[in-house]
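Letters A, B, ... are given to chains in the order of the sequence lines, protein chains preceding strands, and every chain is numbered from 1. Just so you know, these numbers come straight off a predicted model, no measurement behind them.
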2 protein chains.
Amino acid sequence: MVKTTTIHREKTPCQLCPLRRLPHFREFSREELSFVADFKKGELVVDPGATIFLEGAHSAHLFTILSGWGFRYKTLEDGRRQILNYVMPGDLVGLQGSIMGEMQHSTEALSPVSLCVFERTELMALYNKHPSLAFDLTWIAAREERILDEHLLSIGRRSALERAAYLLAYLHQRAKALHLFDGSNVIPITQQHIADTLGLSIVHTNKTLKKLSERGLIRWQERGCDVLNSKGLAALAEWDGLDGGRRPFI
Amino acid sequence: MVKTTTIHREKTPCQLCPLRRLPHFREFSREELSFVADFKKGELVVDPGATIFLEGAHSAHLFTILSGWGFRYKTLEDGRRQILNYVMPGDLVGLQGSIMGEMQHSTEALSPVSLCVFERTELMALYNKHPSLAFDLTWIAAREERILDEHLLSIGRRSALERAAYLLAYLHQRAKALHLFDGSNVIPITQQHIADTLGLSIVHTNKTLKKLSERGLIRWQERGCDVLNSKGLAALAEWDGLDGGRRPFI
DNA sequence: CGAGGATTTGAAGACCCTCAAATTATGTGG
DNA sequence: CCACATAATTTGAGGGTCTTCAAATCCTCG
């Protein structure tokens with residue numbers, strides 16, 4: 001199948017944004033909302049496997065994920081790939097590039113992904129006119145930093161089993177807060193993605209996931225991982241979980 | 001030796017800050033400078049080994065490193081430690097905690113460290129009155145994120161030798177840009193720090209550093225690592241180096 | 001001079017990797 | 001709807017990297 005990219009003009013008005021109804025996100029003032037609605041230039045829809053950003057790009061846009069799953073990654077010259085983090089609805093994509101000039105990682109869609117499109121050139125206006133939203137941008141960057149801290153701890157110091165447990169608990173918790181599951185709890189990734197996130201080979205990843213299955217914590221399904229016992233995974237990894245408070249998004 | 005902590009009132013006026021003379025940092029307007037000078041409440045001096053922030057703390061302050069080296073780290077319950085990143089002059093310490101409420105990592109001094117002290121409660125005023133400085137804060141957070149991305153790639157996908165080479169090239173490049181070396185190029189860390197940064201045991205770290213020495217890339221000294229060939233280290237790690245442009249700091 | 005921390009070395013074993021191949025799912029074209 | 005090609009998962013075997021345990025040496029500092 002050919003990977004397509006479709007741009008639409010203004011499909012979902014921000015005032016009716018389905019994400020804003022989730023208790024996971026903080027409430028916005030009318031002024032904030034109208035600014036963001038103006039900031040938004042349109043929507044982009046990409047197929048699974050499509051590249052949203054490529055390392056080295058100087059993009060004129062940044063995005064907020066409206067629906068779908070994706071991931072950020074870097075590669076070494078010989079092809080070794082490290083997945084840095086996953087992106088889900090409400091996540092800002094491309095802030096690093098917008099703030100600092102050049103993208104130093106790539107971003108790829110895991111599922112069909114729709115994105116709200118913003119213009120990088122209008123970012124300064126946000127800082128000038130809406131300090132509260134400017135604060136939110138820093139908040140979002142600080143949150144990403146915090147998550148990366150935990151990932152570093154995981155890759156650096158946890159065993160393969162603990163790492164896998166942490167990752168799946170992490171993804172489950174995030175997706176659950178976003179009401180991304182419809183009964184099934186299935187995370188839409190391949191074992192190759194998990195391997196490249198954990199810094200493990202695919203073979204050892206497979207054997208590690210099997211151990212988690214044998215303990216009744218997960219079940220591997222067609223197209224992804226079904227989390228059966230999220231708390232058990234977190235306990236195995238000695239992971240406290242994410243901050244449960246409400247968070248902003250642009 | 002007892003670890004002491006000394007607080008001074010306003011020793012170095014921001015207008016005369018030695019860091020501002022470095023070409024590494026961007027120029028500030030008179031208004032920005034006077035705001036920051038007002039924002040600064042005093043200075044703090046800590047001894048090597050002292051804890052600047054402890055995980056879980058809700059600190060009323062945040063800091064900028066004025067001089068010295070330190071590092072951020074997290075630990076698992078059984079004591080396994082992962083060093084997340086190093087802090088050097090011009091780095092903001094405690095932004096995560098100030099923005100999000102609670103510190104989720106600890107920070108410790110490697111050398112004598114002096115810090116400029118800011119009040120967390122005045123952070124919102126910065127966003128309200130100085131959009132350019134607010135942008136800088138996001139910039140600083142995005143930069144940290146970018147560095148953590150590279151560290152993740154390193155720990156996840158590079159071999160022990162490559163990892164060590166990357167870390168030492170990274171530290172050398174940062175310190176060099178800050179004119180931290182006085183002829184010697186010695187990075188003031190122990191092999192235990194390196195091990196905890198790379199996610200390796202201290203034994204294997206020692207053997208890995210020996211290989212780098214044998215290749216003439218470094219030389220281990222009393223109290224630290226002397227980098228003999230920074231480019232060679234970067235090449236070995238397939239690392240492109242940091243963005244050479246000027247950067248902001250508060 | 002003695003104590004404690006840091007570095008160094010050796011040896012055995014665990015964990016994880018690579019290689020190889022079988023099996024199962026997925027998608028496409030006829 | 002079936003046949004084929006491709007992708008993803010699974011399993012086995014052997015080997016290498018890195019870990020742990022143990023102990024010696026060196027250094028710093030009181």
Side-chain angles (χ1 to χ4, degrees), chain A residues 1-4 47-49 76 78-83 108 110-112 154-165 167-168 186-214 218-226, chain B residues 1-4 47-49 76 78-83 108 110-112 154-165 167-168 186-214 218-226:
Chain A
M1 185 178 62
V2 178
K3 279 154 184 97
T4 64
D47 284 334
L76 292 171
D78 62 7
R80 283 174 284 177
R81 179 176 76 168
Q82 178 63 41
I83 293 181
E108 184 176 318
L110 266 175
S111 67
S154 203
I155 300 199
R157 288 304 184 200
R158 283 195 248 250
S159 69
L161 195 68
E162 292 168 333
R163 266 183 250 185
L167 174 64
L168 295 170
V186 175
I187 296 167
I189 48 178
T190 68
Q191 296 187 8
Q192 184 67 65
H193 291 119
I194 294 187
D196 286 348
T197 311
L198 303 182
L200 299 172
S201 71
I202 183 151
V203 172
H204 196 65
T205 298
N206 179 273
K207 288 168 182 168
T208 301
L209 290 172
K210 191 177 179 185
K211 285 183 190 168
L212 291 179
S213 296
E214 284 163 358
I218 64 164
R219 188 173 43 190
W220 198 265
Q221 296 209 325
E222 73 295 352
R223 292 208 176 306
C225 179
D226 189 1
Chain B
M1 184 177 61
V2 178
K3 270 134 192 125
T4 62
D47 283 333
L76 292 172
D78 61 8
R80 284 175 284 178
R81 178 176 77 168
Q82 177 64 40
I83 294 182
E108 185 176 318
L110 266 176
S111 67
S154 203
I155 300 199
R157 288 305 185 199
R158 283 195 248 250
S159 69
L161 195 68
E162 292 168 333
R163 265 184 250 185
L167 175 63
L168 295 170
V186 174
I187 297 167
I189 49 178
T190 68
Q191 296 188 8
Q192 185 66 65
H193 292 119
I194 294 186
D196 286 348
T197 311
L198 303 181
L200 299 172
S201 72
I202 183 150
V203 172
H204 196 64
T205 297
N206 180 271
K207 289 168 182 168
T208 301
L209 291 172
K210 191 176 178 186
K211 285 184 190 169
L212 290 179
S213 297
E214 285 163 356
I218 64 165
R219 188 172 43 189
W220 198 263
Q221 298 209 324
E222 72 295 352
R223 290 206 181 305
C225 179
D226 188 2

Minimum side-chain heavy-atom gap Leu209(B)-Cys225(B) below 4.5 Å: no

Residues which pass side chain to side chain donor-acceptor pair (under 3.5 Å) with Thr190(B), listed by chain and number, not counting sequence neighbours: His193(B)

Backbone of Arg157(B) reached by a side-chain donor or acceptor of Arg80(A) within 3.5 Å: yes

For Gln192(B), side chain to side chain donor-acceptor pair (under 3.5 Å) partners two or more places apart: Asp196(B)

Nucleotide-resolved protein contact map, nucleotides 1-16 of chain C, B/S/- at heavy-atom distance under 4.0 Å: ------SSBBB----B

With Leu198(B), the side chain to side chain contact (heavy atoms under 4.5 Å, CB included) member among Gln82(B), Arg163(B), His204(B): Arg163(B)

